[in-house]
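Structure first, then comments.
Small disclaimer: the values here were computed from a predicted structure and weren't measured.
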Amino acid sequence: MSWFFSSKGSRPLPALNSLQQQRQRQVDCLKACHSSITEIQKDVEYRLPITVKNVTININILLPPQFPQEKPVITVFPPIRHHLVDTQGTNITCPLVNNFTMHSDLGKIVQNLLEEFWKNPPTLAPASGPFPYLYSSTTGHPPYPPPPGFSFLPSFPTQETNRSVPVSETVSSSYNTAKAAAPSYGLISDLPLPVPTSEVGINGFTYKMPDLPDTFPELSELSVSQLSEMTEQEDVLLEQFVNLPQLKQIISDKEDLVKNIEELAKKNLKLEPILESKRQALLDKYELLTEMKATFEKKLQRQHELSESCSLSALQARLKVAAHEAEEDSDSIAENFLEGKTEIDDFLNLFMEKRTCCHSRRAKEEKLQQTISLHSQYHAPL
């Protein structure tokens with residue numbers, strides 16, 4: 001095995017050309033932006049599962065051979081209804097994908113798609129089949145060959161679901177350590193047995209499959225010919241399975257689970273009126289909260305307007321305008337006196353009153369200006 005690890009005779013990897021470097025840069029950016037993305041075929045096909053409103057959607061990204069000179073093909077499964085998807089519900093037709101260029105960022109484009117799905121959740125199409133592609137073409141698109149210079153693993157081999165097991169092979173395997181595949185019978189597969197699982201369910205319930213014995217004493221005494229006849233007679237074999245204590249235990253456990261589920265369902269039905277009343281109370285409180293919020297926003301706006309009108313800068317502007325008006329009134333009174341329209345006693349009273357008011361307002365405006373200047377040194381501007 002030393003030749004396998006030695007570097008003798010190993011050829012260096014070919015250098016990437018400019019297109020392959022840009023392709024690799026786009027793929028690295030896509031992986032960096034989305035850590036949960038799955039690589040289906042290296043540098044060709046990627047899949048990103050997302051869950052929006054309890055609906056799981058797979059976003060499939062297919063890179064053509066001349067990518068990034070050619071735009072990627074982005075599809076979704078199962079088919080959905082959304083304004084970014086075509087009428088078939090599978091192909092993404094947003095402007096970011098249609099206007100893709102070499103200078104675009106594939107990772108950011110996919111991120112924008114996810115944000116749009118989260119803002120406007122899609123809905124599932126009425127009918128959808130199994131996932132239509134894996135190392136193959138998407139709906140309406142031919143499969144792409146791998147780009148030169150990149151190696152990838154072949155597709156997974158299909159399982160032999162229709163493999164038939166001869167009777168002789170089944171009988172002879174009982175004497176060997178390796179166990180052959182068990183034949184499937186129509187009646188046995190129709191038995192109403194629960195599916196045993198060791199994983200935690202939705203409600204935290206676990207079910208442990210009864211331990212099966214390595215040997216069956218009632219069958220060890222039979223000869224090979226008798227076992228062969230038993231395999232040919234399905235009713236006898238079915239009776240043998242039904243009489244197994246493990247199967248009886250599973251059926252008993254199933255009946256107990258059904259009873260427990262029925263009791264739990266009855267308890268839930270009794271709690272339904274309470275839940276409905278609390279739900280209605282919550283809706284009423286939410287409506288009250290909405291009304292109080294609207295009232296609060298109006299009062300807050302009014303408070304903001306009043307605070308703006310009573311701020312130091314607003315008061316200073318008003319004092320400046322009032323002082324200017326008092327000065328204009330005093331000048332008008334003086335002009336009327338010079339023209340002989342006003343007696344001297346009236347002139348003195350009116351002129352002194354307006355001038356006093358003007359100087360008083362100017363003094364207040366200057367004092368307020370000093371206060372604003374002093375305040376701005378230690379606080380934010382008013």
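- Leu19 and Leu62 are assigned to two separate hydrophobic clusters, defined by single-linkage of ILVMFWY side chains at heavy-atom distances under 4.5 Å.
- Cluster annotation: Val110 is connected to Trp118 through the hydrophobic network of ILVMFWY side chains, with a link wherever side-chain heavy atoms come within less than 4.5 Å.
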Criterion side-chain contact (heavy atoms from CB on, under 4.5 Å) on Ile92 and Ile59, from CA distance to verdict: CA-CA 9 Å; Ile92 300 294; Ile59 299 178; 5.8 Å; no
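- Side chain of Thr295 to backbone of Glu291: a donor-acceptor contact under 3.5 angstrom is found.
- Looking at Thr101 and Ser104, their side chains do bring a donor and an acceptor atom within 3.5 Å of each other.
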Asp43 and Leu63: CA distance, side-chain angles, deciding distance, side-chain contact (heavy atoms from CB on, under 4.5 Å) verdict: CA-CA 7 Å; Asp43 300 309; Leu63 307 182; 5.5 Å; no
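- For Asn60 (side chain) and Thr75 (main-chain N/O), no donor-acceptor pair under 3.5 Å exists by modelled atom type.
- For NZ of Lys31, the number of neighbouring non-hydrogen atoms (other residues, nucleotides, ligands) closer than 6.0 Å is greater than 12.
- At a threshold of 4.5 Å between non-hydrogen side-chain atoms, the residues Val76 and His82 do not count as touching.
- Nearest heavy atoms, Arg81 versus Thr87: NH1-O, 3.8 Å.
- Taking 4.5 Å as the limit, every side-chain heavy atom of Ile80 sits out of range of all side-chain heavy atoms of Val55.
- Contact of the Arg25 side chain with the Cys29 side chain is not registered, since no non-hydrogen atoms from C-beta on lie closer than 4.5 Å.
- Remark: Glu115 CD is packed, more than 12 non-hydrogen atoms of other residues, nucleotides or ligands lying under 6.0 Å away.
- Within 6.0 Å of atom CD1 in Ile344, 12 or fewer heavy atoms from other residues, nucleotides or ligands are found, so the atom counts as exposed in its surroundings.
- Residue Asp28 holds its CG atom at 12.0 Å from CZ of Arg23, rounded to the nearest 0.5 Å.
- Ser373 places a side-chain N or O within donor-acceptor distance of the main-chain N or O of Gln369, the cut-off being under 3.5 Å.
- Residue Glu327 holds its CD atom at 5.5 Å from CZ of Arg355, rounded to the nearest 0.5 Å.
- The pair Glu262-Lys259 does not meet the salt-bridge criterion, since no charged nitrogen lies less than 4.0 angstrom from a carboxylate oxygen.
- Closest heavy-atom contact between Met102 and Gln26: O-NE2, 3.6 Å.
- Heavy-atom contacts from other residues, nucleotides or ligands closer than 6.0 Å to CD of Glu297 number more than 12.
- Counting heavy atoms from C-beta on, the side chains of Lys354 and Asp331 never come closer than 4.5 Å.
- Residues Phe347 and Ile333 are in side-chain contact: their nearest non-hydrogen atoms beyond the backbone lie under 4.5 Å apart.
- Thr90 approaches Val85 most closely through the heavy-atom pair N-CG1, 3.4 Å.
- One distance of note links OG of Ser36 with CZ of Arg47; it measures 13.0 Å at 0.5 Å rounding.
- Placement of Leu319 and Leu312 within a single hydrophobic cluster is found when ILVMFWY residues are connected by side-chain heavy-atom separations under 4.5 Å, directly or transitively.
- Taking a 6.0 Å sphere around CD of Gln226, one finds it holds more than 12 heavy atoms contributed by other residues, nucleotides or ligands.
- With hydrogens and angles disregarded, no donor-acceptor distance shorter than 3.5 Å links the side chain of Glu45 to the backbone of Ile40.
- In this structure, CD in Gln69 is found 7.0 Å from CD in Gln22, a value given to the nearest 0.5 Å.
- The local environment of CE in Met352 is sparse, with at most 12 non-hydrogen atoms from other residues, nucleotides or ligands closer than 6.0 Å.
- No side-chain heavy atom of Val97 sits under 4.5 Å from any side-chain heavy atom of Leu84.
- Within a 6.0 Å radius of NE2 in His103, no more than 12 heavy atoms belonging to other residues, nucleotides or ligands are found.
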Leu247 and Ile251: CA distance, side-chain angles, deciding distance, side-chain contact (heavy atoms from CB on, under 4.5 Å) verdict: CA-CA 6 Å; Leu247 182 58; Ile251 296 176; 4.2 Å; yes
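- Taking 4.5 Å as the limit, some side-chain heavy atom of Glu276 sits within range of a side-chain heavy atom of Arg279.
- In this structure a side-chain-to-backbone donor-acceptor pair under 3.5 Å is missing from Asn91 to Asp86.
- When hydrophobic clusters are built by joining Ile, Leu, Val, Met, Phe, Trp and Tyr residues whose side-chain heavy atoms come closer than 4.5 Å, directly or via intermediates, Leu124 is grouped together with Ile50.
- A donor-acceptor pair shorter than 3.5 Å can be found between the side chains of Asp284 and Gln280.
- At a threshold of 4.5 Å between non-hydrogen side-chain atoms, the residues Phe337 and Leu350 do not count as touching.
- A distance of 10.0 Å separates OG in Ser313 from CZ in Arg318, rounded to the nearest 0.5 Å.
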Pair Glu353-Asn349, side-chain hydrogen bond (donor to acceptor under 3.5 Å, both in side chains): steps then yes or no: CA-CA 6 Å; Glu353 180 181 356; Asn349 293 331; over 6 Å; no
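- Put simply, CD on Gln21 and CD on Gln24 are 9.5 Å apart, with the number rounded to the nearest 0.5 Å.
- In terms of heavy-atom proximity, Pro72 sits nearest to Pro64 at CA-CD, 4.0 Å.
- Using modelled atom types, one finds no donor on one side chain facing an acceptor on the other under 3.5 Å when comparing Asn112 with Glu116.
- Ion pairing between Arg361 and Glu325 fails under the 4.0 Å rule for side-chain N and carboxylate O.
- Note: Phe67 and Phe100 have parallel aromatic rings, judged against thresholds of 30 and 60 degrees for the angle between ring planes.
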Intermediate values then yes/no, side-chain contact (heavy atoms from CB on, under 4.5 Å), Ile37 and Ile61: CA-CA 10 Å; Ile37 195 167; Ile61 305 168; 4.3 Å; yes
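- The pair Arg302-Glu305 counts as a salt bridge, with a side-chain nitrogen and a carboxylate oxygen less than 4.0 angstrom apart.
- Taking each heavy atom of Thr231 and Ser228 in turn, the nearest pair found is OG1-O, 2.5 Å.
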